[in-house]
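Report on one structure; see the data block that follows.
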Amino acid sequence: MKRIKVFVIDDSPIYREIMKNIIESDPDLEYVGFAVNGAAAVKKLDLINPDIITLDIEMPEMNGIDTLKYIMKNNPKPVIMVSSFTRAGADITLQALEIGAVDYIQKPEDNELEYNLNFLRSVLLEKIKTFANFKFHKNKFKDIAKEDGFPVVGGLPSFDIPKVRNQTIDAICIGSSTGGTVALTEIIPKLRKDIGVPIFVVQHMPKMYTKSFATRLNSLSELEVVEGANNDRVEPNKVYIAPGGYQMKVVGGRIVVDDSDPENAHKPSVDVLFHSVKIEYKDKILAVILTGMGSDGAAGIAEIKDAGGFTVAQDEDSCVVFGMPGSAIKTGKVDRIIPLGKIANFINDSAEYLKGY
């Protein structure tokens, strides 16, 4: 079996050694070298031709963003960004994901170094194996199936608004993970400012990143986008992003943020949000599952469908990782499977059509 060739770009000798040791610890991976910055990397990449690259953000001469732009323009490869745990690091990481990086990991903090290194090892190896064979479309999220009648569960056309319903939509909830920051940037700014309902979002991200992400989406959108805060009163035409490192629920017309246990290994968890939204809004919900690794949200989608809500999953070809939508679809509780480029219009049309009920 051919081993996955991994190339490391980082100006820190310590982290280069850490990455080398982690990569070489797995028999499925082959460490094929390093570069101390982007300028040195571009001279080596064509010769080495790695399957996947880890790329530090802060480097002299040619930083991570400029290096990423070069790679995406000249010879696109899966790139995992290595980010510092800072607000600035979060802002730049989001920019990198929009440019074309497939995912990111955080450099371990100095406190609890041994634990953090073990966590880094498990996360890095999983992501390298997930993205080593990632295929780039001309457009990263290609908009496929433009014809009507894209096959979905039940054989219904995927782009029809849910005219079979006879009750309003009082809330929209969205869950996403790997690839979700770009997918949400494709969806949220296209939603109408008078959509008339609150929108609740769980995107798997750590602390600081969700605040930066909410600020970024708010700058692009007509709707107000905020990071959810405990005891916030829920308002229509407002998007609430679950804060990283916490669980977010909706209870009694207010946002509840707490430090309860992870669900499906995630804080925030899609299932935690969806369960609370189902209790709060019953059958008056439109729930959407987007690209992401794992199965978080599948149980929540099933609950919402069983309560009479309407459910949507992103289609496989426009996902970075089909894990979460695929798991939701396997429950048999998804009403529509829709390409990313059509989800915003579907949400807008559904909310408008169902206002009259």
Side-chain angles (χ1 to χ4, degrees), residues 57-58 63-66 68-69 81-107 109 140-141 171-195 197-250 254-259 266-270 272-273 288 290-292 320 340 343-344 347-348:
I57 288 178
E58 298 175 6
N63 63 31
I65 291 295
D66 289 340
L68 179 65
K69 288 177 179 177
M81 304 304 294
V82 181
S83 172
S84 59
F85 194 74
T86 64
R87 176 65 185 273
D91 291 342
I92 297 171
T93 301
L94 292 171
Q95 183 184 351
L97 293 171
E98 292 181 11
I99 292 168
V102 293
D103 209 341
Y104 65 94
I105 57 174
Q106 293 168 265
K107 285 188 172 181
E109 297 176 274
K140 187 178 178 185
F141 291 99
I172 296 165
C173 53
I174 303 174
S176 57
S177 186
T178 310
T181 55
V182 177
L184 288 164
T185 303
E186 171 75 15
I187 293 169
I188 300 299
K190 293 181 180 178
L191 298 181
R192 292 198 319 268
K193 63 181 178 181
D194 60 347
I195 198 163
V197 298
I199 300 169
F200 309 105
V201 177
V202 164
Q203 163 66 37
H204 293 159
M205 300 179 90
K207 297 176 183 178
M208 284 184 280
Y209 285 70
T210 45
K211 178 68 172 178
S212 293
F213 186 48
T215 301
R216 170 70 173 150
L217 283 179
N218 188 59
S219 71
L220 298 171
S221 308
E222 292 187 313
L223 293 167
E224 183 180 1
V225 183
V226 299
E227 184 182 54
N230 192 50
N231 210 37
D232 276 353
R233 183 177 294 279
V234 171
E235 300 175 14
N237 307 315
K238 196 167 183 178
V239 181
Y240 300 87
I241 307 291
Y246 296 93
Q247 301 291 12
M248 187 176 83
K249 307 166 190 173
V250 185
R254 292 185 180 273
I255 298 292
V256 174
V257 172
D258 63 39
D259 198 21
H266 291 293
K267 288 177 69 173
S269 162
V270 180
V272 168
L273 172 69
V288 183
L290 302 176
T291 175
V320 170
L340 175 65
I343 290 176
I347 292 172
N348 283 331

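None of these values were measured; they are calculated from a predicted model. Only heavy atoms go into these numbers, but all of them, side chains included; no hydrogens, no water, no symmetry mates.
At a threshold of 4.5 Å between non-hydrogen side-chain atoms, the residues Lys249 and Leu273 do not count as touching. No side-chain heavy atom of Lys238 sits under 4.5 Å from any side-chain heavy atom of Phe200. Within the 4.5 Å cutoff, the side chain of Gln247 has no heavy atoms near those of the His266 side chain. By the 4.5 Å heavy-atom criterion applied to side chains, Lys207 and Pro243 are not counted as neighbours. Counting heavy atoms from C-beta on, the side chains of Tyr246 and Pro268 never come closer than 4.5 Å. Looking only at side-chain heavy atoms (C-beta outward), Leu217 and Val239 stay at 4.5 Å or farther from each other. At a threshold of 4.5 Å between non-hydrogen side-chain atoms, the residues Ile65 and Gln95 count as touching. Using a 4.5 Å heavy-atom cutoff, the side chains of Ile187 and Leu290 are in contact.
Within the 3.5 Å criterion, the main-chain N or O of Ile195 finds a donor-acceptor partner in the side chain of Asn237. With hydrogens and angles ignored, the 3.5 Å screen pairs no side-chain donor or acceptor of Thr291 with any backbone N or O of Gly180. Side chain of Asn348 to main chain of Lys190: a donor-acceptor pair is present (N/O by atom type, distance under 3.5 Å, no hydrogens or angles). Using modelled atom types, one side-chain atom of Gln203 and one backbone atom of Ser177 make a donor-acceptor pair closer than 3.5 Å.
In terms of the side chain to side chain contact (heavy atoms under 4.5 Å, CB included) criterion, residue partners of Asn230 (sequence neighbours excluded) are, by chain and number, Val256, Val257. Residues satisfying the side chain to side chain contact (heavy atoms under 4.5 Å, CB included) test with Asn231, not counting sequence neighbours, are Arg254.
Rounded to the nearest 0.5 Å, atoms CG (Leu97) and CD1 (Ile92) are 12.5 Å apart. Atom-to-atom distance recorded for Asn218:CG and Phe213:CZ is 12.0 Å, nearest 0.5 angstrom. Ser221 OG to Ile188 CD1: the interatomic distance, rounded to the nearest 0.5 Å, is 6.5 Å. Separating the CD atom in Glu227 from the CG atom in Asp232 is a distance of 10.0 Å, to the nearest 0.5 Å. With values rounded to the nearest 0.5 angstrom, Ile172 atom CD1 is found 4.5 Å from Ile199 atom CD1. Between atom CE of residue Met248 and atom CG of residue Asp258 there is a gap of 11.5 Å, rounded to the nearest 0.5 Å.
Residues Ala242 and Val202 share a closest heavy-atom pair of CB-CG2, 3.8 Å. Closest approach of Leu191 to Ala344, counting heavy atoms only: CD2-O, 3.8 Å.
Applying side chain to side chain contact (heavy atoms under 4.5 Å, CB included) to Val201 and the options Leu184, Val270, Val225 leaves one that passes, Leu184. Just one residue in the list Ile57, Thr93, Ile105 forms a side chain to side chain contact (heavy atoms under 4.5 Å, CB included) with Val82, and that residue is Ile105.
A donor and an acceptor atom, one from each side chain of Ser83 and Tyr209, are located under 3.5 Å apart.
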Derivation of the salt bridge (charged side-chain N to carboxylate O under 4.0 Å, His left out) call for Lys193 and Glu224: CA-CA 8 Å; Lys193 63 181 178 181; Glu224 183 180 1; over 6 Å; no

Take Ile255 and Arg233 through the test side chain to side chain contact (heavy atoms under 4.5 Å, CB included) and record every step on the way to the result. CA-CA 6 Å; Ile255 298 292; Arg233 183 177 294 279; over 6 Å; no

If you apply the rule side chain to side chain contact (heavy atoms under 4.5 Å, CB included), what do you find for Glu98 with Thr185, and how did you get there? CA-CA 9 Å; Glu98 292 181 11; Thr185 303; 4.1 Å; yes

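Under 4.0 Å is where a charged nitrogen must lie from a carboxylate oxygen, and between Asp259 and Lys267 at least one such pair does.
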